[in-house]
J.: 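Just passing along the structure, written as structure tokens.
Chain A is the first sequence line, chain B the second, and so forth, proteins listed ahead of strands; every chain is numbered from 1.
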Amino acid sequence: MDEETHERIRAAIARVPRGRVASYGDIAAMTDAPSPRIVGWVLKEDGGDLPWQRIVRTDGTVAKPQQLPMLRDEGLEIPGDKIDMKRYRWAPDEGD
DNA sequence: ATTTTGACTACTG
DNA sequence: ACAGTAGCCAAAA
């Protein structure tokens, strides 16, 4: 894992706005990460100061259940345990 | 050097 | 909707 990719992944995650989410694959695509797994790995190792609750699986489920209350706190409506990706998924061209 | 272990995804039945 | 499988890739054992 080279330093540059690592930091790019962190930067991309930091750009996800409050009230939106992005998938691991989204971050990977934005940052040239070799695989979505790497994004998960970076979050585990060096994600303590990032909004990691905004990174979810592409099907709307979350890796860590505590993300749900945190995201609801940011204003997302999540009736069950799955996030409505069509509604909340963030794209970098939305105004950032 | 090989195997195992994940904050992953896509495909199949 | 749900389980199994196969690709994926860095780290640690």
J.: Checking contacts here: which listed nucleotide (C/dA10, C/dA1, B/dA7) is nearest the side-chain heavy atoms of A/K64?
T.: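 Closest nucleotide to the A/K64 side chain: B/dA7.
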
J.: Distance check needed: B/dA7 P versus A/Q66 CD, whole Å only.
T.: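 Rounded to whole Å, this separation is 12 Å.
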
J.: For the pair made of CH2 in A/W41 and P in C/dA11, what is the distance, rounded to whole Å?
T.: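 The answer, rounded to whole Å, is 4 Å.
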
J.: Which of these nucleotides, C/dA1, B/dA7, C/dA10, is closest to any side-chain atom of A/P34?
T.: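 The nucleotide sitting nearest to the side chain is C/dA10.
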
J.: For the pair made of CD in A/E3 and C1' in C/dA10, what is the distance, rounded to whole Å?
T.: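 Going from A/E3 (CD) to C/dA10 (C1'), I get 14 Å.
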
J.: OP1 or OP2 of B/dT9 sitting under 4.0 Å from any side-chain N/O of A/S23?
T.: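 The answer is yes; a side-chain N or O of A/S23 sits under 4.0 Å from OP1 or OP2.
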
J.: Starting at the 5' end of DNA chain C, which residue's closest nucleotide do you reach first, A/E45 or A/S35?
T.: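 Nearest-nucleotide comparison on DNA chain C picks A/S35.
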
J.: Atom CE of A/M1 to atom C1' of B/dG6: distance rounded to whole Å?
T.: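 Going from A/M1 (CE) to B/dG6 (C1'), I get 15 Å.
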
J.: Less than 4.0 Å between a side-chain N and a carboxylate O, is that true for A/D84 and A/R89?
T.: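 Not counted as a salt bridge, because no side-chain N and carboxylate O are separated by less than 4.0 Å.
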
J.: Rounded to the nearest angstrom, tell me the gap between atom CG in A/D46 and atom P in B/dG6.
T.: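 Between P of B/dG6 and CG of A/D46: 20 Å.
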
J.: Does A/I38 or A/T58 map to a spot on DNA chain B nearer the 5' end, using the closest nucleotide for each?
T.: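 Final value for this comparison: A/I38.
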
J.: To the nearest Å, give me how far apart CG (A/D2) and C1' (C/dC9) are.
T.: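 Going from A/D2 (CG) to C/dC9 (C1'), I get 13 Å.
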
J.: Do the non-hydrogen side-chain atoms of A/L71 and A/R18 ever get within less than 4.5 Å of each other?
T.: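 Counting from C-beta outward, A/L71 and A/R18 never come under 4.5 Å.
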
J.: Would you find more than 12 non-hydrogen atoms of other residues, nucleotides or ligands less than 6.0 Å from A/Q66 atom CD?
T.: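 Result for CD/A/Q66: enclosed.
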
J.: Please report the distance, rounded to the nearest Å, between CG in A/D81 and C1' in C/dA1.
T.: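 Answer to the nearest Å: 12 Å.
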
J.: Could you state the CG-P distance from A/D59 to B/dA10, rounded to the nearest angstrom?
T.: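 Rounded to whole Å, this separation is 9 Å.
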
J.: Show me, pair by pair, the donor-acceptor contacts under 3.5 angstrom made by side chains of residues 58-65 of chain A, not counting sequence neighbours?
T.:
unit_1 : atom_1 : unit_2 : atom_2 : d
A/D59  : OD1    : A/T61  : N      : 3.1
A/D59  : OD1    : A/T61  : OG1    : 2.8

J.: Looking only at side-chain atoms of A/W52, point me to the closest of B/dT9, C/dA11, B/dA7.
T.: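 In terms of side-chain proximity for A/W52, the closest of B/dT9, C/dA11, B/dA7 is B/dA7.
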
J.: Quick check: do A/I55 and A/V21 have side-chain heavy atoms less than 4.5 Å from each other?
T.: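 Heavy-atom side-chain distance check fails, nothing below 4.5 Å.
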
